[in-house]
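Here's the structure, in structure tokens; my notes come after.
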Amino acid sequence: MRNFKTALLSVIVFTVFCGFIYTAVMTGIAQAVAPKAANGSLIEVNGVNYGSELLGQPFTSEKHMWGRAVNIDVKSYKDSNGNQLAYGGPTNKTPASVEYNKIIGERIEKIRKANPERGNEPIPVDLVTASGSGLDPDISLAAARYQVPRLARENNMSEEAVSAIIDACTSPKVLGFFGEATVNVLKVNLMLDGVLH
């Protein structure tokens with residue numbers, strides 16, 4: 001009986017520590033050290049929330065920079081009232097499948113049509129493929145620069161002005177040499193729309 005009480009007490013202490021104390025301490029530290037990141041890295045301007053820097057959004061207007069393909073599912077998940085919820089995720093399609101190759105072909109055609117200035121120039125791969133998460137908010141610098149002529153034309157701006165916006169929204173390689181420079185698509189589009197400066 002004594003062993004049972006000791007085991008039960010251990011479980012209760014462990015649950016209280018891990019479930020409440022540890023969680024409260026980590027939340028407090030996160031709020032103190034990095035409050036913006038701890039709250040989802042939301043971009044809010046004049047009380048309007050435009051989204052998170054950490055989640056990709058589907059942009060289809062030719063006036064906006066296009067990011068990676070975003071896989072939004074509104075059929076699988078519902079809230080407690082039965083309303084459909086948007087959810088993103090990877091495609092889970094193999095590159096060897098006919099369906100996958102058809103999707104890639106359609107994306108290539110759409111991108112070429114929207115960016116005629118680029119002719120038959122190779123399209124950066126991240127413009128035609130989805131990320132592993134299906135909600136990647138960033139694209140490569142090459143993918144961003146590929147879109148400069150279209151963005152300049154559609155927004156009545158110079159290519160230099162569009163390039164300056166891209167530069168302002170570019171994160172460099174980690175420590176200067178790990179990974180690659182990336183461009184946050186949401187930030188670029190908010191700057192193109194005049195929401196961010």
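Heads up: numbering here begins at 1 and tracks the sequence.
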Legend entry - Glu53 to Asn184 - nearest heavy-atom pair and separation: O-ND2, 2.9 Å
Legend entry - Nearest-0.5 Å distance that lies between atom CD1 in Ile123 and atom CD in Gln147: 10.5 Å
Legend entry - Test item: Ile108 and Arg112 side chains (from C-beta on) under 4.5 Å apart, heavy atoms: yes
Legend entry - Closest contact, heavy atoms only, Tyr146 versus Pro124: CD1-CD, 3.7 Å
Inset, instruction - Please answer whether the main-chain N or O of Ser140 pairs with a side-chain N or O of Asp126 as donor and acceptor at a distance below 3.5 Å. - result: yes
N/O donor-acceptor pairs under 3.5 Å from side chains in residues 56-67, not counting sequence neighbours:
from: Gln57; atom 1: NE2; to: Tyr50; atom 2: O; distance (Å): 3.1
from: Ser61; atom 1: OG; to: Lys63; atom 2: N; distance (Å): 3.1
from: His64; atom 1: NE2; to: Asp193; atom 2: OD1; distance (Å): 3.1
from: His64; atom 1: NE2; to: Asp193; atom 2: OD2; distance (Å): 2.9
from: Trp66; atom 1: NE1; to: Ser61; atom 2: O; distance (Å): 2.9

Legend entry - Heavy-atom side-chain contact between Leu141 and Ile166 under 4.5 Å: yes
Inset, instruction - Report yes if the side chains of Asn155 and Val162 come closer than 4.5 Å at any heavy-atom pair, otherwise no. - result: no
Legend entry - Shared hydrophobic cluster for Val125 and Val148 (ILVMFWY, side-chain gaps under 4.5 Å): no
Inset, instruction - Without swapping roles, check the side chain of Asn156 against the backbone of Ala152 for a donor-acceptor pair under 3.5 Å. - result: no
Inset, instruction - State plainly whether one hydrophobic cluster holds both Leu190 and Val48, where clusters connect Ile, Leu, Val, Met, Phe, Trp and Tyr through side-chain heavy atoms under 4.5 angstrom apart. - result: yes
Legend entry - His197 NE2 to Ile165 CD1 distance, which is reported to the nearest 0.5 Å: 10.5 Å
Legend entry - Least distance between heavy atoms, Leu186 atom then Gly51 atom: CD2-C, 3.9 Å
Legend entry - Point-to-point distance, once rounded to the nearest 0.5 Å, from CG of Leu192 to SG of Cys169: 8.5 Å
Inset, instruction - Look only at the side chain of Asn115 and the backbone of Glu117, and say whether a donor-acceptor pair between them is shorter than 3.5 Å. - result: no
Legend entry - Sidechain-backbone polar pair: Arg68 side chain, Thr129 backbone, donor-acceptor under 3.5 Å: yes
Legend entry - Heavy-atom closest contact (Met157 atom, Ala161 atom, distance): CE-CB, 3.9 Å
Legend entry - Approximate separation, where rounding is to 0.5 Å, of Lys113 NZ and Ile111 CD1: 13.5 Å
Inset, instruction - Flag yes if more than 12 heavy atoms outside Glu109 fall under 6.0 Å of its CD atom; otherwise flag no. - result: no
Inset, instruction - Return the minimal non-hydrogen interatomic distance between Ala130 and Ala69, and the atom names on each side. - result: CB-O, 3.5 Å
Legend entry - For Glu121, all residues meeting salt bridge (Lys or Arg N to Asp or Glu O under 4.0 Å), sequence neighbours excluded: Arg118
Inset, instruction - Output the distance between atom CD1 (Ile139) and atom CZ (Arg145), rounded to the nearest 0.5 Å. - result: 11.5 Å
Inset, instruction - Drop me the distance from Lys102's NZ to Ile104's CD1, to the nearest 0.5 angstrom. - result: 13.0 Å
Inset, instruction - Test Glu99 against Ile103 for side-chain contact (heavy atoms from CB on, under 4.5 Å), laying out the working first. - result: CA-CA 6 Å; Glu99 185 181 0; Ile103 291 168; 4.3 Å; yes
